[in-house]
Number of protein chains: 2
Amino acid sequence: MAVSRRGPRERMVFSAAQLIRRDGVSATGLRDIVAHARAPRGSLRHYFPGGKEQLVNEAVEWAGRYAAKRVARFLAEMPEPSPSRLFDAMVRQWTDEYRSAGFATGCPVVAATVDRAGSAESTREAAAAAFAAWNRPVARALTEMGVPARRAASLATLMISALEGAIVIARAERDVRALETVARELGPLLDAGVAPGD
Amino acid sequence: MAVSRRGPRERMVFSAAQLIRRDGVSATGLRDIVAHARAPRGSLRHYFPGGKEQLVNEAVEWAGRYAAKRVARFLAEMPEPSPSRLFDAMVRQWTDEYRSAGFATGCPVVAATVDRAGSAESTREAAAAAFAAWNRPVARALTEMGVPARRAASLATLMISALEGAIVIARAERDVRALETVARELGPLLDAGVAPGD
DNA sequence: CGTCGTCTATGACAGCCGTCATAGTAGCGG
DNA sequence: CCGCTACTATGACGGCTGTCATAGACGACG
């Protein structure tokens with residue numbers, strides 16, 4: 001499922017992101033990715049002449065775009081948006097997944113950063129770009145809710161930092177406690193300064 | 001340096017932690033660890049009959065104890081402790097290191113979680129224990145500053161989450177911006193509810 | 001039909017990995 | 001000197017890795 005339509009190339013990128021966020025970059029083999037994507041191994045070289053590094057980078061970029069789109073979707077589904085409600089939605093995406101599917105996975109961008117930042121410069125850049133792509137729509141949303149532009153960017157960084165850290169802790173503890181905690185504790189801070197009731 | 005005294009066993013654990021936080025678990029080979037520790041390869045099996053998994057676990061445990069001790073040290077060096085000042089100190093440890101030594105390293109506990117949580121149950125447990133060992137002194141310190149016990153534990157989790165997330169983002173961006181941002185934005189929240197001037 | 005570009009198949013390659021078997025040394029108690 | 005324990009040395013093992021070379025299938029187009 002979710003691997004059916006679309007061409008083999010896209011499936012490989014998608015599968016790479018899924019496996020990387022579960023096992024890490026080093027532990028994810030090209031053969032695993034190809035098998036997971038049900039794609040022909042013979043095409044690997046054809047689509048990704050830059051080798052594993054290129055495929056990993058594209059998976060990271062994909063994850064960045066995905067996170068950005070999710071933010072837009074959260075906002076669209078929200079009757080009365082507020083900073084804390086946006087953060088709740090971002091956190092809930094993870095608590096829901098962990099509760100329903102177990103704690104097997106984390107964020108692919110974090111995984112790529114942690115085990116490629118020092119060895120593959122291009123992957124590090126892709127991760128930085130992914131974080132930026134994610135930060136942008138969050139900051140913009142905060143701005144539209146009445147937060148001054150400068151502060152909005154900072155709060156977006158705080159939200160993503162706290163979320164990513166809590167994801168790691170939740171995985172280690174196999175408990176959504178950390179995620180629920182950051183959502184609860186950060187909510188009031190995020191809403192402060194935004195006129196209530198409008 | 002810092003690898004000189006102490007027996008070979010301890011040096012290997014220490015070197016493992018250092019290499020893991022730089023390259024990740026999978027990318028760190030036993031041979032690399034032994035070489036870095038200037039320890040005899042022949043003793044690996046002797047000291048760590050549980051293989052790489054045992055060595056990694058001990059490195060993670062070591063990191064947890066180290067983080068806890070650092071918290072105690074920060075507090076001891078602080079004339080007038082406050083929650084925000086403690087968090088500042090925790091963050092500054094990383095901004096200082098990044099500014100002086102580059103962005104090559106991250107947190108070993110995060111690295112171990114990200115690429116072993118799904119494949120080595122004992123390592124996942126070690127990571128959870130390390131986070132707990134780190135959380136404990138932070139929560140206790142907050143309590144002593146006047147924060148109610150229940151809330152103190154939550155705020156400690158928030159602090160560690162935000163810090164860990166910002167570390168990853170800083171590494172990806174090769175910029176301490178995210179670290180400085182979380183310190184600045186979280187400070188007032190942490191101090192709220194604590195009587196000023198005492 | 002022929003040819004070219006796109007895509008796939010297959011297998012080999014060198015290299016590294018963690019593990020393990022075997023042997024040996026050093027020091028100490030008897 | 002023996003024997004025992006703690007520690008070290010060395011090399012080999014199978015397995016997996018990313019990369020690459022070679023060849024073939026397929027469809028579009030001239």
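Quantities reported herein were computed from a predicted structural model and do not represent experimental measurements.
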Checklist entry - Can you tell which of A/R11, A/E10, A/Q18 makes a side-chain contact (heavy atoms from CB on, under 4.5 Å) with A/F14? => result A/Q18
Show the distances under 3.5 angstrom between N or O atoms of the protein and N or O atoms of nucleotides 24-29 of chain C.
none

Round to the nearest Å and state the distance from [X] atom [atom1] to [N] atom [atom2].
X     : N      : atom1 : atom2 : result
B/R41 : C/dT19 : CZ    : P     : 12 Å
B/I20 : C/dG18 : CD1   : C1'   : 14 Å
A/L44 : C/dG11 : CG    : C1'   : 15 Å
B/R38 : D/dT8  : CZ    : P     : 16 Å

Next on the checklist: On DNA chain D, does the nearest nucleotide to B/R31 precede the nearest nucleotide to B/P8 from the 5' side, or the other way round? Give the residue.
Outcome noted: B/P8
Item to check | A/Q54 versus A/E58, side-chain donor and acceptor atoms under 3.5 Å | outcome: yes
Next on the checklist: If we count only N and O atoms by modelled type, under 3.5 Å, do the side chains of A/S26 and A/R116 hold a donor and an acceptor together?
Outcome noted: yes
Next on the checklist: List the residues meeting ring-ring contact (aromatic ring centres under 6.0 Å, His included) with B/F103, not counting sequence neighbours, and say none if there are none.
Outcome noted: B/Y98
Checklist entry - Among C/dT8, D/dT19, D/dC7, which is the nearest nucleotide to the side chain of A/L30? => result D/dT19
Item to check | Side chain of A/R45 (C-beta onward), nearest among C/dA9, D/dC20, D/dG11 | outcome: D/dC20
Checklist entry - Taking only residues two or more places apart in sequence, or in another chain, which ones meet A/A68 in a side chain to side chain contact (heavy atoms under 4.5 Å, CB included)? => result A/P137
Item to check | For A/A166, all residues meeting side chain to side chain contact (heavy atoms under 4.5 Å, CB included), sequence neighbours excluded | outcome: A/A178, A/L179, A/V182, B/S161
Checklist outcome for this item: Ordered by number, residues from residues 46-60 of chain B within less than 4.0 Å of DNA chain C (heavy atoms) are B/G51, B/K52
Item to check | Interatomic spacing from CD in B/E77 to CZ in B/R85 - rounded to 0.5 Å | outcome: 14.5 Å
Item to check | B/S43 side chain near D/dC7 phosphate (N/O to OP1/OP2, under 4.0 Å) | outcome: no
Item to check | Within 6.0 angstrom of A/R73 CZ, more than 12 heavy atoms from elsewhere | outcome: no
Next on the checklist: My understanding is that only residues two or more places apart in sequence, or in another chain, count here; which of them pass side chain to side chain donor-acceptor pair (under 3.5 Å) with A/D88?
Outcome noted: none
Checklist entry - So what does A/S26 touch, heavy atoms closer than 4.0 Å: a base, only the sugar-phosphate, or nothing? => result nothing
